[in-house]
Amino acid sequence: MKYKALITDLDGTAILNQQYAQPTQRVIEAVEKAQKIIKVAAATGRPISTANWVIKPLKLTSPCIITAGTQIIDPLSQKILWEETMPEEIVKKVLKVVDAMPYRAILSSQYITHPEQPRPTTIHDEGVIYIGWVPLEESATVISAIKQVALVNVNEAQGYPPNTVGLHVTSKNATKKHAVEELISLLGIQKEEVIGVGDSNNDLPLFDAVGLKIAMGNATERLKDSADFVAPPVEEDGLAYVIEKFILSS
(Lines give C-alpha, C1' and ligand atoms only; values in the text may rest on other atoms or scores of the structure.)
Protein backbone atom coordinates (compact mmCIF):
# COMPACT_ATOMS: atom_id res chain seq x y z
CA MET A 1 0.00 0.00 0.00
CA LYS A 2 1.29 3.45 -0.89
CA TYR A 3 0.19 5.71 1.93
CA LYS A 4 -0.74 9.33 1.33
CA ALA A 5 -1.09 10.65 4.89
CA LEU A 6 0.15 10.06 8.41
CA ILE A 7 -1.92 11.33 11.35
CA THR A 8 -0.12 11.26 14.68
CA ASP A 9 -1.03 11.93 18.26
CA LEU A 10 1.34 14.26 20.14
CA ASP A 11 1.70 13.44 23.86
CA GLY A 12 3.24 10.02 24.32
CA THR A 13 3.69 9.65 20.56
CA ALA A 14 5.49 12.57 18.91
CA ILE A 15 6.79 13.77 22.28
CA LEU A 16 7.19 12.42 25.78
CA ASN A 17 4.02 12.48 27.85
CA GLN A 18 4.99 15.73 29.57
CA GLN A 19 3.30 19.12 29.25
CA TYR A 20 6.38 21.00 28.07
CA ALA A 21 8.09 18.20 26.12
CA GLN A 22 9.52 18.90 22.68
CA PRO A 23 10.09 16.55 19.73
CA THR A 24 13.58 15.12 19.38
CA GLN A 25 15.81 16.00 16.45
CA ARG A 26 15.33 12.53 14.96
CA VAL A 27 11.54 12.95 14.99
CA ILE A 28 11.77 16.48 13.55
CA GLU A 29 14.01 15.29 10.72
CA ALA A 30 11.83 12.25 9.98
CA VAL A 31 8.70 14.42 9.79
CA GLU A 32 10.49 16.90 7.53
CA LYS A 33 11.43 14.11 5.11
CA ALA A 34 7.96 12.56 5.27
CA GLN A 35 6.26 15.85 4.38
CA LYS A 36 8.07 15.83 1.05
CA ILE A 37 6.26 12.59 0.21
CA ILE A 38 2.92 12.53 2.06
CA LYS A 39 0.68 14.69 4.23
CA VAL A 40 1.60 14.69 7.92
CA ALA A 41 -0.94 15.94 10.47
CA ALA A 42 -1.32 16.00 14.24
CA ALA A 43 -4.40 14.73 16.09
CA THR A 44 -4.20 15.87 19.69
CA GLY A 45 -6.33 16.52 22.72
CA ARG A 46 -4.42 19.76 23.28
CA PRO A 47 -6.06 23.12 22.60
CA ILE A 48 -4.40 25.48 20.15
CA SER A 49 -2.47 27.37 22.83
CA THR A 50 -0.45 24.29 23.81
CA ALA A 51 -0.73 22.23 20.61
CA ASN A 52 1.37 24.90 18.90
CA TRP A 53 4.26 24.10 21.24
CA VAL A 54 4.66 20.85 19.30
CA ILE A 55 3.11 21.56 15.90
CA LYS A 56 5.45 24.49 15.25
CA PRO A 57 8.75 22.67 16.00
CA LEU A 58 7.56 19.85 13.73
CA LYS A 59 6.85 22.47 11.02
CA LEU A 60 3.57 20.80 10.07
CA THR A 61 1.83 22.32 7.07
CA SER A 62 -1.21 20.06 6.60
CA PRO A 63 -4.45 20.71 8.54
CA CYS A 64 -4.24 19.39 12.11
CA ILE A 65 -6.83 18.06 14.55
CA ILE A 66 -6.75 19.75 17.96
CA THR A 67 -8.87 20.18 21.09
CA ALA A 68 -9.74 16.48 21.42
CA GLY A 69 -11.17 16.13 17.93
CA THR A 70 -13.44 19.18 18.07
CA GLN A 71 -11.43 21.41 15.72
CA ILE A 72 -9.33 21.20 12.58
CA ILE A 73 -6.94 24.09 12.04
CA ASP A 74 -4.59 25.29 9.34
CA PRO A 75 -1.29 25.24 11.29
CA LEU A 76 0.15 28.07 9.18
CA SER A 77 -2.70 30.60 9.31
CA GLN A 78 -4.19 29.19 12.56
CA LYS A 79 -7.60 29.42 10.88
CA ILE A 80 -10.26 26.98 12.12
CA LEU A 81 -11.36 24.85 9.16
CA TRP A 82 -13.94 22.72 11.00
CA GLU A 83 -15.43 22.75 14.48
CA GLU A 84 -18.01 20.87 16.55
CA THR A 85 -19.17 22.16 19.95
CA MET A 86 -21.42 21.08 22.82
CA PRO A 87 -24.52 23.21 23.38
CA GLU A 88 -24.56 25.46 26.44
CA GLU A 89 -27.20 23.37 28.24
CA ILE A 90 -25.11 20.19 27.88
CA VAL A 91 -21.99 21.99 29.14
CA LYS A 92 -23.86 23.14 32.25
CA LYS A 93 -25.11 19.61 32.98
CA VAL A 94 -21.62 18.11 32.69
CA LEU A 95 -20.11 20.81 34.90
CA LYS A 96 -22.77 20.16 37.54
CA VAL A 97 -21.75 16.48 37.64
CA VAL A 98 -18.01 17.13 37.72
CA ASP A 99 -18.12 20.03 40.17
CA ALA A 100 -19.55 17.62 42.73
CA MET A 101 -16.38 15.52 42.41
CA PRO A 102 -12.84 16.17 43.69
CA TYR A 103 -11.53 16.81 40.17
CA ARG A 104 -10.93 20.01 38.24
CA ALA A 105 -12.95 20.74 35.10
CA ILE A 106 -11.52 23.23 32.59
CA LEU A 107 -13.41 24.50 29.54
CA SER A 108 -11.64 24.65 26.20
CA SER A 109 -12.35 28.39 25.99
CA GLN A 110 -10.24 28.86 29.13
CA TYR A 111 -7.25 27.62 27.11
CA ILE A 112 -7.26 30.45 24.56
CA THR A 113 -4.01 31.39 26.26
CA HIS A 114 -1.69 29.54 28.61
CA PRO A 115 -1.97 29.38 31.54
CA GLU A 116 -5.70 28.96 31.30
CA GLN A 117 -8.10 31.78 32.10
CA PRO A 118 -10.58 31.68 35.02
CA ARG A 119 -13.82 29.88 34.25
CA PRO A 120 -16.28 32.37 32.71
CA THR A 121 -19.26 33.37 34.84
CA THR A 122 -21.56 32.90 31.85
CA ILE A 123 -21.38 29.47 30.20
CA HIS A 124 -21.52 29.20 26.41
CA ASP A 125 -21.15 26.43 23.84
CA GLU A 126 -17.81 24.64 24.29
CA GLY A 127 -15.63 22.25 22.35
CA VAL A 128 -14.23 20.26 25.28
CA ILE A 129 -14.45 19.97 29.02
CA TYR A 130 -11.10 18.72 30.29
CA ILE A 131 -11.12 16.78 33.56
CA GLY A 132 -7.94 15.80 35.36
CA TRP A 133 -6.19 14.16 36.87
CA VAL A 134 -8.35 11.14 37.63
CA PRO A 135 -6.73 8.07 39.23
CA LEU A 136 -6.97 5.03 36.97
CA GLU A 137 -9.03 3.13 39.52
CA GLU A 138 -11.62 5.96 39.62
CA SER A 139 -11.91 6.64 35.89
CA ALA A 140 -14.70 4.15 35.15
CA THR A 141 -16.87 5.61 37.91
CA VAL A 142 -16.31 9.19 36.74
CA ILE A 143 -16.97 8.30 33.10
CA SER A 144 -20.17 6.47 34.03
CA ALA A 145 -21.44 9.50 35.95
CA ILE A 146 -20.70 11.89 33.09
CA LYS A 147 -22.32 9.61 30.53
CA GLN A 148 -25.60 10.04 32.37
CA VAL A 149 -25.66 13.35 30.53
CA ALA A 150 -27.00 12.61 27.06
CA LEU A 151 -25.26 13.47 23.81
CA VAL A 152 -21.64 13.46 25.02
CA ASN A 153 -18.50 11.41 24.42
CA VAL A 154 -15.89 10.82 27.12
CA ASN A 155 -12.40 9.73 26.10
CA GLU A 156 -9.36 8.90 28.23
CA ALA A 157 -5.85 10.26 27.64
CA GLN A 158 -2.90 9.07 29.69
CA GLY A 159 -2.28 11.62 32.43
CA TYR A 160 0.97 13.43 33.08
CA PRO A 161 1.07 12.20 36.70
CA PRO A 162 1.64 8.41 36.71
CA ASN A 163 -1.42 6.17 37.00
CA THR A 164 -3.88 8.91 36.12
CA VAL A 165 -5.97 9.81 33.10
CA GLY A 166 -7.26 13.07 31.73
CA LEU A 167 -10.85 12.89 30.52
CA HIS A 168 -12.02 14.77 27.42
CA VAL A 169 -15.77 15.40 27.33
CA THR A 170 -17.03 16.40 23.88
CA SER A 171 -20.13 16.39 21.73
CA LYS A 172 -21.24 12.95 20.57
CA ASN A 173 -20.32 14.17 17.07
CA ALA A 174 -16.76 15.12 17.99
CA THR A 175 -14.04 12.55 18.57
CA LYS A 176 -10.77 11.96 16.75
CA LYS A 177 -12.76 9.61 14.48
CA HIS A 178 -15.16 12.35 13.39
CA ALA A 179 -12.32 14.82 12.93
CA VAL A 180 -10.14 12.36 10.99
CA GLU A 181 -13.02 11.61 8.65
CA GLU A 182 -13.40 15.36 8.04
CA LEU A 183 -9.64 15.74 7.56
CA ILE A 184 -9.47 12.86 5.09
CA SER A 185 -12.25 14.52 3.12
CA LEU A 186 -10.36 17.84 3.15
CA LEU A 187 -7.24 16.09 1.87
CA GLY A 188 -9.13 14.23 -0.85
CA ILE A 189 -7.80 10.80 0.07
CA GLN A 190 -9.19 7.44 1.20
CA LYS A 191 -9.22 5.86 4.66
CA GLU A 192 -7.05 2.98 3.45
CA GLU A 193 -4.32 5.43 2.44
CA VAL A 194 -3.88 6.82 5.97
CA ILE A 195 -1.56 5.75 8.80
CA GLY A 196 -2.67 6.59 12.34
CA VAL A 197 -0.25 6.55 15.30
CA GLY A 198 -1.14 6.93 18.98
CA ASP A 199 -0.60 5.82 22.57
CA SER A 200 -3.80 6.40 24.59
CA ASN A 201 -7.36 5.11 24.66
CA ASN A 202 -8.49 8.41 23.15
CA ASP A 203 -6.69 7.23 20.01
CA LEU A 204 -9.12 4.32 19.58
CA PRO A 205 -11.45 6.62 17.58
CA LEU A 206 -8.43 7.62 15.48
CA PHE A 207 -7.84 3.95 14.72
CA ASP A 208 -11.46 3.59 13.59
CA ALA A 209 -10.87 6.13 10.83
CA VAL A 210 -7.53 5.04 9.31
CA GLY A 211 -6.17 2.20 7.22
CA LEU A 212 -3.00 1.28 9.16
CA LYS A 213 -3.26 1.43 12.96
CA ILE A 214 0.04 1.82 14.84
CA ALA A 215 0.40 1.88 18.62
CA MET A 216 3.51 3.11 20.37
CA GLY A 217 5.44 0.70 22.58
CA ASN A 218 4.35 2.80 25.57
CA ALA A 219 0.68 2.67 24.55
CA THR A 220 -2.14 1.30 26.67
CA GLU A 221 -2.75 -2.42 26.34
CA ARG A 222 -6.20 -1.70 24.93
CA LEU A 223 -4.73 0.38 22.11
CA LYS A 224 -2.01 -2.19 21.40
CA ASP A 225 -4.67 -4.88 21.12
CA SER A 226 -6.42 -2.80 18.43
CA ALA A 227 -3.24 -2.03 16.48
CA ASP A 228 -1.90 -3.57 13.28
CA PHE A 229 1.67 -2.81 14.37
CA VAL A 230 3.38 -1.83 17.63
CA ALA A 231 6.27 0.62 17.21
CA PRO A 232 9.12 1.28 19.63
CA PRO A 233 8.18 3.52 22.57
CA VAL A 234 8.32 7.30 22.47
CA GLU A 235 11.57 7.24 24.47
CA GLU A 236 13.14 5.44 21.48
CA ASP A 237 11.69 7.80 18.85
CA GLY A 238 9.03 5.32 17.79
CA LEU A 239 7.31 7.86 15.53
CA ALA A 240 10.54 8.36 13.58
CA TYR A 241 10.81 4.57 13.28
CA VAL A 242 7.28 4.41 11.84
CA ILE A 243 8.09 7.08 9.27
CA GLU A 244 11.34 5.39 8.28
CA LYS A 245 9.69 1.96 7.97
CA PHE A 246 6.37 2.75 6.32
CA ILE A 247 7.07 5.95 4.36
CA LEU A 248 10.72 6.61 3.65
CA SER A 249 11.66 3.01 2.79
CA SER A 250 8.65 2.31 0.57
Side-chain angles (χ1 to χ4, degrees), residues 2-69 71-79 81 111 113-114 157-158 160 166 176 179-180 183-184 186-187 189 193-200 202-203 206-207 210-219 223 227-250:
K2 188 170 182 63
Y3 296 102
K4 295 184 178 180
L6 180 145
I7 303 176
T8 179
D9 177 48
L10 296 183
D11 291 275
T13 303
I15 59 171
L16 294 173
N17 194 42
Q18 300 168 2
Q19 186 173 22
Y20 299 103
Q22 290 283 284
T24 66
Q25 192 60 36
R26 181 184 173 192
V27 169
I28 290 171
E29 291 175 358
V31 169
E32 181 180 13
K33 292 175 183 176
Q35 289 194 107
K36 296 176 181 178
I37 303 170
I38 68 170
K39 303 291 186 181
V40 180
T44 179
R46 291 181 179 227
I48 193 167
S49 59
T50 60
N52 278 331
W53 299 349
V54 188
I55 290 173
K56 288 186 175 181
L58 291 175
K59 300 177 182 177
L60 298 181
T61 58
S62 296
C64 291
I65 297 163
I66 62 170
T67 326
Q71 293 177 321
I72 298 175
I73 62 159
D74 179 328
L76 301 179
S77 69
Q78 301 285 285
K79 178 182 177 182
L81 306 176
Y111 271 123
T113 61
H114 184 83
Q158 296 195 65
Y160 295 141
K176 287 186 180 182
V180 169
L183 178 56
I184 287 173
L186 283 173
L187 297 176
I189 57 180
E193 299 171 319
V194 181
I195 301 171
V197 191
D199 75 298
S200 287
N202 69 328
D203 294 311
L206 166 64
F207 277 11
V210 300
L212 180 62
K213 303 178 282 290
I214 300 180
M216 300 292 285
N218 51 284
L223 195 72
D228 300 312
F229 181 82
V230 177
V234 64
E235 294 85 358
E236 298 175 17
D237 292 330
L239 179 61
Y241 177 90
V242 168
I243 291 171
E244 292 158 4
K245 177 178 177 64
F246 293 98
I247 298 169
L248 301 183
S249 65
S250 60

Check for a donor-acceptor pair, side chain of Gln22 on one end and backbone N or O of Trp53 on the other, with a separation under 3.5 Å.
yes
Quick check: closest heavy atoms across Gly238 and Ala231, and the distance to 0.1 Å?
O-CB, 4.0 Å
Any luck finding a side-chain donor-acceptor pair between Gln158 and Asn218 under 3.5 Å?
no
Tell me the closest heavy-atom pair linking Pro63 and Leu187, and the distance in Å.
CD-CD2, 4.1 Å
Using only atom types and a distance under 3.5 Å, with no angle test, would you say the side chain of Thr13 pairs donor to acceptor with the backbone of Thr8?
no
Are the side chains of Lys33 and Ile243 in contact, using a 4.5 Å heavy-atom criterion?
no
Supply the atom-to-atom distance Asp237 CG to Gln25 CD, rounded to the nearest 0.5 angstrom.
10.5 Å
Distance (rounded to the nearest 0.5 Å) between Ile7 CD1 and Ile214 CD1:
12.0 Å
Please give me the minimum heavy-atom distance between Ile28 and Pro23, naming the atom from each residue.
CD1-O, 3.8 Å
Beyond-backbone contact of Asn17 with Tyr160, side-chain heavy atoms, under 4.5 angstrom:
yes
Heavy-atom closest contact (Ala51 atom, Ile66 atom, distance)
CB-CG2, 4.0 Å
Could you tell me if the side chain of Val180 sits less than 4.5 Å from the side chain of Ile65, heavy atoms only?
yes
Of all the heavy-atom pairs spanning Asn52 and Pro57, show the shortest one and how long it is.
O-CD, 3.8 Å
For the atom pair CG (Leu223) and NZ (Lys213), what is the distance rounded to the nearest 0.5 Å?
10.5 Å
Please work out which of the three classes, parallel, tilted or perpendicular, describes the rings of Phe229 and Tyr241, given edges at 30° and 60°.
parallel
Nearest heavy-atom approach of Ala21 to Ile15 is O-CD1, 3.8 Å
Nearest 0.5 Å please: distance from the OG1 atom of Thr50 over to the CG atom of Asp11.
8.0 Å
dist Leu76:CG -> Lys56:NZ (nearest 0.5 Å) comes out at 10.0 Å
About how many Å separate CD1 of Ile38 and NZ of Lys2, when rounded to the nearest 0.5 Å?
9.5 Å
Run through Thr44, Asp9, Val210, Leu183 and flag the one making a side chain to side chain contact (heavy atoms under 4.5 Å, CB included) with Lys176.
Asp9
Examine distances only and state if a side-chain atom of Asp74 and a backbone atom of Ser77 form a donor-acceptor pair shorter than 3.5 Å.
yes
Would you sort out whether Arg26 and Glu244 count as a salt bridge (charged side-chain N to carboxylate O under 4.0 Å, His left out), showing the intermediate values?
CA-CA 11 Å; Arg26 181 184 173 192; Glu244 292 158 4; 2.8 Å; yes
Looking at Gln35 and Lys59, would you say the former's side chain and the latter's main chain have a donor-acceptor pair under 3.5 Å?
yes
